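Here's the structure we're looking at; comments come further down.
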Protein chains: 2
Amino acid sequence: MARKTGSHSEITGPRIRAEAMKLFARHGFAAVSMRQIAAAVGLQAGALYLYTPDKEALLFDLLKDHMDGLIAAWQEKRGGESPVGALETFVRFHIRYNGERPEAVFLSYMELRNLSPENFAVIEGLRRAYETELENILKAGQAAGAFLVPDTKLATMAIIAMLTGVNTWFREGGRLSRATVEDIYWDMVRKAVSG
Amino acid sequence: MARKTGSHSEITGPRIRAEAMKLFARHGFAAVSMRQIAAAVGLQAGALYLYTPDKEALLFDLLKDHMDGLIAAWQEKRGGESPVGALETFVRFHIRYNGERPEAVFLSYMELRNLSPENFAVIEGLRRAYETELENILKAGQAAGAFLVPDTKLATMAIIAMLTGVNTWFREGGRLSRATVEDIYWDMVRKAVSG
DNA sequence: GTCTATAATCTGATAGAC
DNA sequence: GTCTATCAGATTATAGAC
């Protein structure tokens, strides 16, 4: 049954990225060989270089796509609500979007050190841009008297760490549904920034 | 000046662990070779095997020592205070103890997947025991009416993620001192679990 | 577009000299 | 206690056949 050769550039590229994502997340970037990725896709190692100039570029593409997708999805979601409404939207969005992509999120936190300085700066810039979205909500709420936050930058980092941390323990089919987790986290965040 | 040979078993062991910790944290366990570790200590690769049976045992020792130290330090710190006092003590302890050991903390979160199942279970058990310390504080406070927490397990995970996240952005000599960071995080935690 | 073969190098770990 | 030499195999990436 195994196909030995052929022309499949349109589906092979995405399949390589999908398998690389799985393997990098499971074993770590450095621990995964190009041969392993090729084998998971059903190729020989040499064929991978038709789709990526090298191993690091493969990682960079995965991280870049994730950050672009995250920011684009947020831009679509955000509205002109009150500060409290905007914060609730952010909290629920962050838990849900990242919860659906645990591998990409894990890579984005753990494998940045394997990027070249230039590529690292690109991902870092996107991460900062996303964090600024939350910080702006907190600043607006603080100015409007809706929140009492001693330091908006610290609150931003604290909230994002808390929300992203859901990925480390949440398991589909466990004691709580995603919706319940969202509710409980929103309750804690809301109180944490209150007066 | 370079020493070529000699007998230094009492200091070589700790130096190997210290250099391995630095290198594993910086580049990742899989990306660091035994030769790199040996070079950092000033040894040849073969000499490392006088001090560790293999590379994984070296990682396990680092993680085990860190978890043992964390739990021992907490046992010494904890007192018979009120729930609110106990929570404040935990928050400040966690930020300070982990803040002083960023490399060990990073390893403890990122390199667990490189342990054998048996060694993984040991570290995981210690981590859970530590988390239970916080959960018990939350449960006691909830029972005493000092806290209003919809789910003590979720609140435990949320608080620990939030506190540990300080390590991802805090830099000595930056805008805020460690003490100020502790104050602000304690303020947020206190409100998050309040009624 | 994919394969096979290969270059040049590195890997973890061991044996034995000193 | 440390070094040198070595084993057996893996690594990224490229060249050229098909």
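Quick caveat, the model's predicted, so the values are computed rather than measured. In what follows, every chain begins at residue 1, and chains take the letters A, B, ... in the order their sequences are listed. Excluded from the calculations below are hydrogen atoms, water molecules and symmetry mates; all remaining heavy atoms, backbone and side chain alike, are included.
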For A/Asn98, enumerate each residue passing the side chain to side chain donor-acceptor pair (under 3.5 Å) test, keeping only those at least two apart in sequence or located in another chain.
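With sequence neighbours excluded, A/Asn98 shows a side chain to side chain donor-acceptor pair (under 3.5 Å) to A/His94, given in chain and number order.
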Please name all residues satisfying ring pair (Phe, Tyr, Trp, His ring centres under 6.0 Å) with A/Phe29, sequence neighbours left out, ordered by chain then number.
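By the ring pair (Phe, Tyr, Trp, His ring centres under 6.0 Å) rule, A/Phe29 matches A/Phe24.
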Once ring pair (Phe, Tyr, Trp, His ring centres under 6.0 Å) is applied, do any residues pair with B/Trp74, and if so which ones, sequence neighbours excluded?
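B/Trp74: ring pair (Phe, Tyr, Trp, His ring centres under 6.0 Å) contacts with B/Phe90, B/Phe93.
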Length of the [atom1]-[atom2] vector between [X] and [N], whole Å:
{"X": "A/Ile16", "N": "C/dT2", "atom1": "CD1", "atom2": "C1'", "value": "11 Å"}
{"X": "B/Leu50", "N": "D/dC3", "atom1": "CG", "atom2": "P", "value": "10 Å"}
{"X": "B/Gln36", "N": "C/dG12", "atom1": "CD", "atom2": "C1'", "value": "13 Å"}
{"X": "B/Leu59", "N": "C/dG12", "atom1": "CG", "atom2": "C1'", "value": "15 Å"}
{"X": "A/Arg15", "N": "C/dG1", "atom1": "CZ", "atom2": "C1'", "value": "14 Å"}
{"X": "B/Leu48", "N": "D/dT4", "atom1": "CG", "atom2": "P", "value": "14 Å"}

Sequence neighbours left out, what passes salt bridge (charged side-chain N to carboxylate O under 4.0 Å, His left out) with [X]? Give chain and number order.
{"X": "A/Asp187", "value": "A/Arg190, A/Lys191"}
{"X": "B/Arg178", "value": "B/Glu172"}
{"X": "B/Arg35", "value": "none"}

Walk along nucleotides 13-18 of chain C from 5' to 3' and tag each nucleotide B, S or - by protein heavy-atom contact under 4.0 Å, base first, then sugar-phosphate.
BB----
Using a 3.5 Å distance criterion without hydrogens, assess whether the side chain of A/Glu76 forms a donor-acceptor pair with backbone atoms of A/Ala73.
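Checking the backbone N and O of A/Ala73 against the side chain of A/Glu76, no donor-acceptor pair under 3.5 Å is found.
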Check: A/Gly69 main-chain N/O paired with A/Tyr97 side-chain donor or acceptor under 3.5 Å:
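The answer is yes, because a donor-acceptor pair under 3.5 Å joins these two groups.
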Please list every donor-acceptor pair under 3.5 Å in which a side-chain atom of residues 147-157 of chain A meets a protein atom from a residue at least two apart or in another chain.
unit_1: A/Asp151; atom_1: OD1; unit_2: A/Lys153; atom_2: N; d: 3.1
unit_1: A/Asp151; atom_1: OD1; unit_2: A/Leu154; atom_2: N; d: 2.9
unit_1: A/Asp151; atom_1: OD1; unit_2: B/Arg175; atom_2: NH2; d: 3.1
unit_1: A/Asp151; atom_1: OD2; unit_2: B/Arg175; atom_2: NH1; d: 2.7
unit_1: A/Asp151; atom_1: OD2; unit_2: B/Arg175; atom_2: NH2; d: 3.3
unit_1: A/Thr152; atom_1: OG1; unit_2: A/Glu135; atom_2: OE2; d: 3.2
unit_1: A/Thr156; atom_1: OG1; unit_2: A/Thr152; atom_2: O; d: 2.7

Check whether any side-chain nitrogen or oxygen of [X] sits under 4.0 Å from OP1 or OP2 of [N], and answer yes or no.
{"X": "B/Tyr51", "N": "D/dT2", "answer": "yes"}
{"X": "B/Ser33", "N": "C/dT11", "answer": "yes"}
{"X": "A/Thr12", "N": "C/dT2", "answer": "yes"}

Which nucleotide sits closest to the side chain of A/Gln44: D/dC3, C/dT4, C/dT2?
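Nearest listed nucleotide: C/dT4.
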Starting from the first five and the last five pairs of the helix from C/dG1-D/dC18 to C/dC18-D/dG1, work out the angle between the resulting helix axes, to 10 degrees.
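The angle separating the two end axes equals 0°.
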